[in-house]
Colleague: 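Got a structure for you, questions after.
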Amino acid sequence: MAKDVQPSDPAARSGALAQSQISAILEIAADAIIALDETLRITLFNDGAATIFGYLPAEIIGQPLDLLIPERMRANHKRHVADFSVSPVAARKMGERQEIFARRKDGSEFPAEASIAKQVIDGHKAYMVLLRDVTDRKRFEAELAAANSQLEARVQERTRALEAEIRRREEAHAALIQAQRMEAFGQLTGGVAHDFNNLLTIITGNLELIGDEMENESHATLLKRASDAADMGAALTKRLLTFARRRRLTPQILDVNEMILNLTEILQRSLGEPIALTTVLAGTLWRTRADASELENAILNLAINARDAMPDGGNLVIESRNVSADEVGLPNGGEFVLVSVSDTGQGMPPEVIERAFEPFFTTKEPGRGTGLGLSTVYGFVEQSGGHAIIESTPGQGTTVNLYLPRVREVSETTARSAEPVPLSENSEAVLVVEDNPDVRELTLQRVEGLGYVAVEAESGAAAIRMLEAGEDVQIVLSDIVMAGGISGYDVAHWVSEHAPHVKVLLTTGYAAEEARPDAADIAILRKPYKRAELAVALRDALRR
Ligand SMILES: Nc1ncnc2c1ncn2[C@@H]1O[C@H](COP(=O)(O)OP(=O)(O)OP(=O)(O)O)[C@@H](O)[C@H]1O
Ligand SMILES: [Mg+2]
């Protein structure tokens with residue numbers, strides 16, 4: 001609020017002018033201006049002081065300064081003033097060393113900034129105090145400090161989050177590269193295995209045909225050896241296809257605990273004395289859905305690896321547990337039945353861990369390991385919708401964790417029991433469609449050997465032409481992938497549209513082909529197949 005400051009008589013400048021200017025300053029100052037006598041009693045109290053302290057000048061003038069000082073500080077303050085009164089300094093800022101707090105009439109305290117000057121008037125000391133209420137500034141400073149430290153905390157938090165994100169991305173990237181590598185290996189292995197399957201089909205089938213006509217005993221032994229070798233070849237390609245995730249698995253609801261218990265009997269016997277086998281099984285383990293014999297195989301493979309890693313003995317622990325993805329840091333969520341196989345063996349350095357799942361990667365001497373163990377475990381677990389993860393420290397041991405997805409519905413798929421080879425019931429006619437002449441020749445002989453009448457076509461197009469021309473057959477037995485652009489599926493579709501009374505049975509060495517969505521309704525026989533399997537598939541297809 002502006003005060004009315006009157007300029008004085010221009011003739012009489014000095015004393016009177018100065019006096020009225022001082023009065024104006026006292027009146028308009030927002031700060032407190034207080035004068036004190038030698039005994040520290042208040043002799044002047046301006047409007048600013050009245051506003052700040054809440055006293056009217058009339059009630060405070062003549063009172064001791066102590067009234068304006070919080071009780072807890074009065075002693076301290078007295079010392080301060082006494083020192084100042086004898087010091088040679090004429091004016092100084094108080095509060096350079098300590099916070100100044102003042103006291104309002106209502107007893108409340110507030111922070112203040114004060115300056116003090118001393119004078120000698122008529123031989124008596126007197127003091128002049130200028131005091132500013134800094135409550136607002138202090139509050140503002142405190143708020144600023146709080147805001148700053150909050151900001152800092154948030155910056156730190158954000159930095160941490162960013163660092164975690166960077167780490168997460170680096171890990172995801174590494175995992176992706178690894179997955180791509182395994183995928184490439186899978187493609188390669190799958191292709192080789194597929195070609196081998198065709199060759200083995202021919203070998204096995206022809207050996208069977210020779211066997212049917214064999215009378216010489218010693219030749220029979222030779223034949224048996226050859227067909228055993230072919231069976232081993234088939235077993236090997238089966239492992240390769242497992243790694244390549246191209247095997248048709250027979251998943252069923254599994255009680256993994258029961259499976260582990262059954263296995264421990266075999267293991268205990270085969271592991272030998274120096275290895276102590278322990279099982280740690282979850283009390284109520286969730287169910288999973290997987291191919292039982294592949295899972296058994298996987299656990300056996302891991303146990304054998306563990307044994308090989310502990311030539312001087314040690315502990316082998318097979319454990320089962322229910323885990324959630326979050327709890328164990330798996331990507332993409334979900335609940336899993338964990339089967340882990342741990343040993344106290346030599347462990348693996350990082351570069352071995354990185355490559356251990358690759359097919360044919362082995363550190364064992366030639367003839368001792370094929371390097372297919374872990375790769376089939378990996379392929380099987382991935383194809384089952386799970387994850388396989390190695391944890392290992394050189395010199396301490398290894399744990400391989402298999403995470404199999406939890407299933408909730410418990411509907412048992414029943415295992416097929418062995419049946420005698422069913423022969424043709426009515427000498428039905430079979431159209432064999434196959435582009436590979438050796439496989440075709442073999443298939444024709446097998447089909448006839450089962451009592452059917454066989455006719456042949458060397459391509460899908462040729463088969464359709466024959467059917468169009470009225471070739472009278474009850475069933476078409478066709479390979480899926482053939483040269484010439486017309487696949488087994490195309491033949492099947494043609495038949496369902498133009499000759500729906502004719503049945504269709506397709507064959508393939510590729511699980512990927514079987515997985516086509518439009519294949520749901522079509523019977524498929526996986527290569528290589530035995531004569532008995534062909535007999536059952538033909539009989540079943542004819543009955544559809
Ligand atoms: N429990 C283990 N402890 C230490 N190293 C292991 C363990 N399991 C696997 N390895 C390492 O990983 C490699 C690959 O294992 P994998 O089972 O695939 O093949 P292999 O055991 O060498 O041969 P195969 O299983 O075909 O007989 C092994 O050669 C070995 O170096
Ligand atoms: Mg192995």
Side-chain angles (χ1 to χ4, degrees), residues 179-205 227-252 289-302 304-305 355-362 369-388 402 404 413 415-416 434 436 439 442-443 479-482 487-489 505-516 519 522-530 532-534 537:
Q180 282 171 342
R181 244 159 55 104
M182 296 307 275
E183 189 57 39
F185 275 120
Q187 298 275 347
L188 202 70
T189 329
V192 172
H194 178 241
D195 291 347
F196 260 88
N197 259 347
N198 269 339
L199 300 176
L200 287 167
T201 308
I202 297 166
I203 295 171
T204 317
S227 97
D228 285 352
D231 284 349
M232 277 168 66
L236 195 73
T237 53
K238 216 166 86 174
R239 294 176 82 186
L240 287 175
L241 284 170
T242 303
F243 166 69
R245 281 170 268 162
R246 299 239 179 95
R247 274 207 54 208
R248 176 175 262 192
L249 299 176
T250 319
Q252 63 188 85
R289 197 160 172 280
D291 187 304
S293 62
E294 287 295 332
L295 180 56
E296 260 177 17
N297 228 324
I299 297 171
L300 286 175
N301 260 307
L302 297 180
I304 290 167
N305 281 348
R355 300 194 57 195
F357 285 135
E358 285 175 19
F360 304 114
F361 176 81
T362 179
T370 60
L372 282 175
L374 284 179
S375 57
T376 53
V377 171
Y378 176 85
F380 153 68
V381 173
E382 290 276 320
Q383 196 181 342
S384 307
H387 307 278
L402 309 183
L404 299 164
T413 43
R416 244 177 276 153
E434 167 67 66
N436 181 317
V439 177
L442 164 71
T443 313
D479 194 18
I480 291 182
V481 186
M482 289 180 292
S487 75
Y489 283 116
L505 174 61
L506 300 182
T507 64
T508 183
Y510 259 131
E513 288 296 331
E514 302 167 29
R516 280 171 50 143
I522 304 173
I524 295 177
L525 180 61
R526 182 159 44 81
K527 289 177 178 176
Y529 49 82
K530 298 236 152 139
E533 292 165 333
L534 174 64

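When a residue number appears, it is its place in the shown sequence, counting from 1.
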Colleague: Determine, for Glu358 against Arg181, whether the closest basic-nitrogen to carboxylate-oxygen distance falls under 4.0 angstrom.
Modeller: yes
Colleague: Measure the shortest side-chain to side-chain distance between Val192 and Thr237 over non-hydrogen atoms and say whether it is less than 4.5 angstrom.
Modeller: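 The answer is no, as the side chains (C-beta and beyond) never meet within the 4.5 Å cut-off.
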Colleague: Search all heavy atoms of Ala388 against all heavy atoms of Val381 and return the closest pair with its distance.
Modeller: N-CG1, 3.9 Å
Colleague: Looking at Phe361, I want to see if its CZ is surrounded by more than 12 non-hydrogen atoms of other residues, nucleotides or ligands under 6.0 Å.
Modeller: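 More than 12 heavy atoms, drawn from other residues, nucleotides or ligands, come within 6.0 Å of this atom.
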Colleague: Can you tell me how far apart CG (Leu199) and OG1 (Thr204) are? Round to the nearest 0.5 Å.
Modeller: 10.0 Å
Colleague: What are the two closest heavy atoms between Ala537 and Leu505, and how far apart are they?
Modeller: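 In this case the closest contact between Ala537 and Leu505 is CB-CD2, 3.7 Å.
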Colleague: To the nearest 0.5 Å, how far apart are CZ in Arg526 and OG1 in Thr507?
Modeller: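 Arg526 atom CZ to Thr507 atom OG1 measures 12.0 Å (nearest 0.5 Å).
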Colleague: How many angstroms lie between atom CD1 of Ile202 and atom OG1 of Thr443, to the nearest 0.5 angstrom?
Modeller: 8.5 Å
Colleague: If I compare all heavy atoms of Leu506 with all of Gly488, which pair ends up nearest, and what's the gap?
Modeller: CD2-O, 3.7 Å
Colleague: If every non-hydrogen atom of Leu402 is compared with every non-hydrogen atom of Ala298, which pair is closest and at what distance?
Modeller: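 Closest heavy-atom pair between Leu402 and Ala298: CD1-CB, 4.3 Å.
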Colleague: How close do Leu240 and Phe360 get, counting heavy atoms only, and between which atoms?
Modeller: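 Taking Leu240 first and Phe360 second, the nearest heavy atoms are CD2-CZ, 3.8 Å.
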Colleague: Can you name the nearest heavy-atom pair linking Leu200 to Ala230, along with the distance?
Modeller: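 Minimum heavy-atom separation between Leu200 and Ala230: CD2-O, 3.7 Å.
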Colleague: Working to the nearest 0.5 angstrom, can you tell me the gap between Met182 CE and Thr189 OG1?
Modeller: 9.0 Å
Colleague: Between Asp479 (side chain only) and Met482 (backbone N and O only), is there a donor and an acceptor less than 3.5 Å apart?
Modeller: no
Colleague: Just by distance, do the side chain of Ser487 and the backbone of Tyr489 share a donor-acceptor pair under 3.5 Å?
Modeller: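 It does hold such a pair.
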Colleague: Drop me the distance from Ile304's CD1 to Asn297's CG, to the nearest 0.5 angstrom.
Modeller: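 CG of Asn297 is found 8.5 Å from CD1 of Ile304.
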Colleague: Would you compute the distance between atom OG1 of Thr376 and atom CG of Asn301 and round it to the nearest 0.5 angstrom?
Modeller: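 The OG1 atom of Thr376 sits 4.5 Å away from the CG atom of Asn301.
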